[in-house]
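For reference, the structure is listed below as structure tokens.
A note on names: the letters A, B, ... follow the listed sequences, proteins ahead of strands, and every chain is numbered from 1.
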There are 2 protein chains.
Amino acid sequence: MPTRKLEKVVSLKDIRVACRECSLIEICLPVGIGQSDLDRLDSIIDRKRPLPRGDHLFRIGDPFQCLYAVRSGSLKTYATSEDGQEQVMGFHLPGELIGLDAIAEGDHPLAAKALETTSICEIPFHDLESLGTQLPSLQHQLLRIMSKEIRDDEHNMVILGQKSAEERLASFLISLSNRFIRRGFSAHQFNLSMSRSDIGNYLGLALETVSRLFTRFQNEGLLRVDRKHIELIDRERLCVFSGARCSHGTPKQHSQHSQHRPSKDQ
Amino acid sequence: MPTRKLEKVVSLKDIRVACRECSLIEICLPVGIGQSDLDRLDSIIDRKRPLPRGDHLFRIGDPFQCLYAVRSGSLKTYATSEDGQEQVMGFHLPGELIGLDAIAEGDHPLAAKALETTSICEIPFHDLESLGTQLPSLQHQLLRIMSKEIRDDEHNMVILGQKSAEERLASFLISLSNRFIRRGFSAHQFNLSMSRSDIGNYLGLALETVSRLFTRFQNEGLLRVDRKHIELIDRERLCVFSGARCSHGTPKQHSQHSQHRPSKDQ
DNA sequence: TGACGTCATTGATGCAGGTCAATTGTATAT
DNA sequence: ATATACAATTGACCTGCATCAATGACGTCA
């Protein structure tokens with residue numbers, strides 16, 4: 001639940017919002033779907049009532065029937081190892097598709113749980129697929145989205161594989177910020193809907209480490225933390241801390257390539 | 001280059017092997033493609049001459065034109081961070097598809113380099129996609145394969161996120177062994193085509209750690225190592241060490257949960 | 001308003017595994 | 001054979017982060 005830049009009130013009443021009117025359409029299906037086709041897509045989509053915080057959208061091993069698109073709120077997906085402890089695999093914001101990993105085997109390898117009150121579009125996969133055979137551009141979009149997912153997962157592997165705790169948390173915050181931007185929310189202020197423990201788990205860190213880093217970042221003037229609320233004060237420098245080209249994001253394109261050594265410009 | 005169980009000689013001469021005659025077809029495209037459709041698929045596939053060890057199939061940023069299927073040999077894919085160091089993202093065996101992460105953005109986010117002499121099927125994506133619009137089962141397969149890739153990446157995140165060095169290497173070996181089994185190779189003996197450094201990088205470990213673990217595993221009678229050659233002596237126990245339900249693979253299901261503390265049984 | 005549970009913060013301590021370094025083994029070229 | 005280059009092993013040391021533990025802050029319910 002980031003702070004809204006524009007007031008886009010989502011009434012809990014009008015569950016029935018057509019895809020063509022949905023403000024998330026360009027995130028959901030970035031390009032290539034015509035208006036008339038959009039109506040056909042809309043016709044197969046089911047919009048359920050909002051999921052309260054803590055409820056599961058699906059659990060591990062549930063049979064795969066539908067893909068889900070987040071309309072508002074947020075969720076986490078997680079696996080559990082045999083000894084019962086969970087591994088958070090991702091956080092999912094409005095406009096994102098969940099369940100792509102279930103297509104292959106016919107059941108969900110992960111569980112999805114609402115981190116706050118969350119509304120969802122339910123997309124029966126069978127219908128989507130047969131609609132896809134009629135609409136090549138939809139089919140193409142689907143492949144693109146899955147490809148993007150793979151790319152994102154690879155990015156996460158880099159973070160888990162070779163970044164320090166500091167770099168991980170910085171990357172995480174920048175990444176969140178970037179995703180909020182795309183959704184029209186503020187890049188510099190947002191609320192974390194997940195706990196420190198979830199963040200730590202997701203980043204492969206202990207929750208204490210996450211907490212310590214937040215205070216460290218705050219002391220260094222990079223951001224301000226108040227409980228769940230985060231304000232990025234020096235996004236620039238946080239990027240440097242994350243040890244990555246923070247490509248997309250705030251419109252600041254001083255063409256500053258050619259200086260890959262961070263060169264402590266702090 | 002695992003040791004062959006069945007003698008399936010692949011002559012370097014007959015580059016032209018139809019999909020329908022390819023022994024990898026059930027790995028490449030597990031189910032659902034009819035014989036006649038297979039010929040149509042075959043017609044768009046290009047088979048180049050083998051790639052020598054060390055050569056790149058593609059590099060980071062190369063424009064995306066084709067997917068690639070490994071026919072023989074093996075490759076690694078890797079990213080490089082701004083400071084030039086590489087992160088190995090995966091190792092790719094015969095029957096596996098490479099390049100799925102490039103569909104979304106139109107360029108390859110990773111580089112792919114042959115670990116040994118390797119032959120490849122080149123599949124122009126544009127052709128594949130338009131063939132897909134005519135063959136729903138092909139389309140479906142493509143989605144399944146991508147979904148599987150996502151699931152595998154998630155599995156890797158678990159490994160990098162919360163497993164110990166020992167568990168990581170054990171998981172890696174078991175996973176390799178499982179993949180060899182599917183390809184008709186020996187489950188208990190194989191050659192690693194990648195260096196210790198590649199393995200370490202892939203698993204988020206220092207190469208020294210990998211080396212130490214190999215000797216430790218050997219001392220504990222789990223396996224035998226000779227340079228690149230690995231012989232799994234006690235696959236059973238290696239599974240336990242990996243701390244995971246080693247589902248697919250050799251049939252063994254002692255249900256021994258409830259002892260998550262390693263309890264130094266060494 | 002107080003009691004309780006959950007989440008977050010902060011401190012103290014220990015260890016797994018990274019880093020540095022030296023040595024050996026293997027492969028290629030000369 | 002010898003030289004060169006690189007891959008792998010092994011040892012010694014050190015540090016980043018996990019772990020354990022105590023305390024504080026907040027929300028909820030009676």
Side-chain angles (χ1 to χ4, degrees), chain A residues 1 52-54 76 83 85-88 113 115-117 159-172 191-219 223-230 241 243, chain B residues 1 52-54 76 83 85-88 113 115-117 159-172 191-219 223-230 241 243 260-264 266:
Chain A
M1 45 146 61
R53 174 192 154 102
K76 69 171 174 182
D83 55 1
Q85 69 175 328
E86 77 180 47
Q87 160 77 28
V88 175
K113 189 193 242 183
L115 292 168
E116 58 194 309
T117 305
I159 287 176
L160 291 176
Q162 56 182 220
K163 300 238 179 186
S164 69
E166 176 178 283
E167 290 170 321
R168 291 183 203 194
L169 188 61
S171 299
F172 173 70
N191 280 5
L192 301 171
S193 56
M194 69 295 286
S195 69
R196 301 286 191 268
S197 160
D198 283 337
I199 297 173
N201 188 310
Y202 175 66
L203 295 176
L205 301 173
L207 54 78
E208 294 93 331
T209 304
V210 174
S211 185
R212 274 184 251 270
L213 284 171
F214 270 131
T215 57
R216 171 131 60 94
F217 283 167
Q218 179 161 262
N219 291 339
L223 46 75
R224 210 165 295 143
V225 203
D226 177 29
R227 194 86 175 148
K228 300 271 190 190
H229 187 80
I230 302 288
F241 270 63
Chain B
M1 46 144 66
R53 173 193 154 104
K76 69 172 176 182
D83 55 1
Q85 69 176 329
E86 75 179 48
Q87 161 76 29
V88 175
K113 189 194 241 184
L115 292 168
E116 57 194 309
T117 304
I159 288 176
L160 291 176
Q162 56 183 215
K163 300 239 176 183
S164 69
E166 177 177 283
E167 290 170 319
R168 291 183 202 194
L169 187 62
S171 300
F172 173 69
N191 279 4
L192 301 172
S193 56
M194 70 295 285
S195 68
R196 301 287 191 271
S197 159
D198 283 336
I199 296 173
N201 187 311
Y202 174 67
L203 296 175
L205 302 172
L207 52 76
E208 293 93 331
T209 304
V210 174
S211 184
R212 274 184 253 269
L213 285 171
F214 269 131
T215 58
R216 171 132 60 96
F217 284 166
Q218 178 161 263
N219 291 339
L223 46 76
R224 209 165 295 143
V225 204
D226 177 29
R227 192 84 174 149
K228 300 273 189 186
H229 186 80
I230 302 289
F241 271 62
H260 17 100
R261 287 270 79 190
S263 75
K264 53 155 98 177
Q266 1 181 352

Length of the line joining [X]:[atom1] and [N]:[atom2], which is rounded to integer Å:
X: A:Arg216; N: C:dA8; atom1: CZ; atom2: C1'; answer: 17 Å
X: B:Leu115; N: D:dC6; atom1: CG; atom2: C1'; answer: 16 Å
X: A:Asn201; N: C:dC7; atom1: CG; atom2: P; answer: 14 Å
X: A:Asp226; N: C:dA8; atom1: CG; atom2: P; answer: 12 Å

Considering only heavy atoms from C-beta outward, does the side chain of [X] approach that of [Y] to under 4.5 Å?
X: B:Gln85; Y: A:Gln162; answer: yes
X: B:Leu115; Y: B:Arg53; answer: no
X: A:Ile199; Y: A:Leu169; answer: yes

Can you sort out the partners of [X] under side-chain contact (heavy atoms from CB on, under 4.5 Å), two or more places apart, ordered by chain and number?
X: A:Ile230; answer: A:Phe190, A:Leu192, A:Phe214, A:Val225, A:Leu232
X: B:Ser197; answer: B:Ser195, B:Leu207
X: A:Glu167; answer: A:Lys163, A:Ser164
X: A:Arg224; answer: A:Gln218, A:Glu231, A:Ile233

Indicate for each nucleotide in nucleotides 7-13 of chain D, in 5' to 3' sequence, whether protein heavy atoms under 4.0 Å reach the base (B), only the sugar-phosphate (S), or nothing (-). SSBBBB-
Mind jotting down which residue pairs meet the salt bridge (Lys or Arg N to Asp or Glu O under 4.0 Å) criterion with at least one end in residues 196-217 of chain A? Sequence neighbours excluded, please. A:Lys76-A:Asp198, A:Glu166-A:Arg216
Based on the rotation axes of five pairs at each end, what angle does the helix from C:dT1-D:dA30 to C:dT30-D:dA1 bend through, to 10°? 40°
Residue-level proximity of residues 160-170 of chain A to DNA chain D when a heavy atom falls under 4.0 Å: A:Ser164, A:Ala165
Please report the shortest heavy-atom distance between A:Ser171 and A:Ile159, naming the atom on each side. CB-CD1, 3.8 Å
Counting any heavy atom closer than 4.0 Å, what does B:Gly200 reach on the DNA or RNA strands: base, sugar-phosphate only, or nothing? nothing
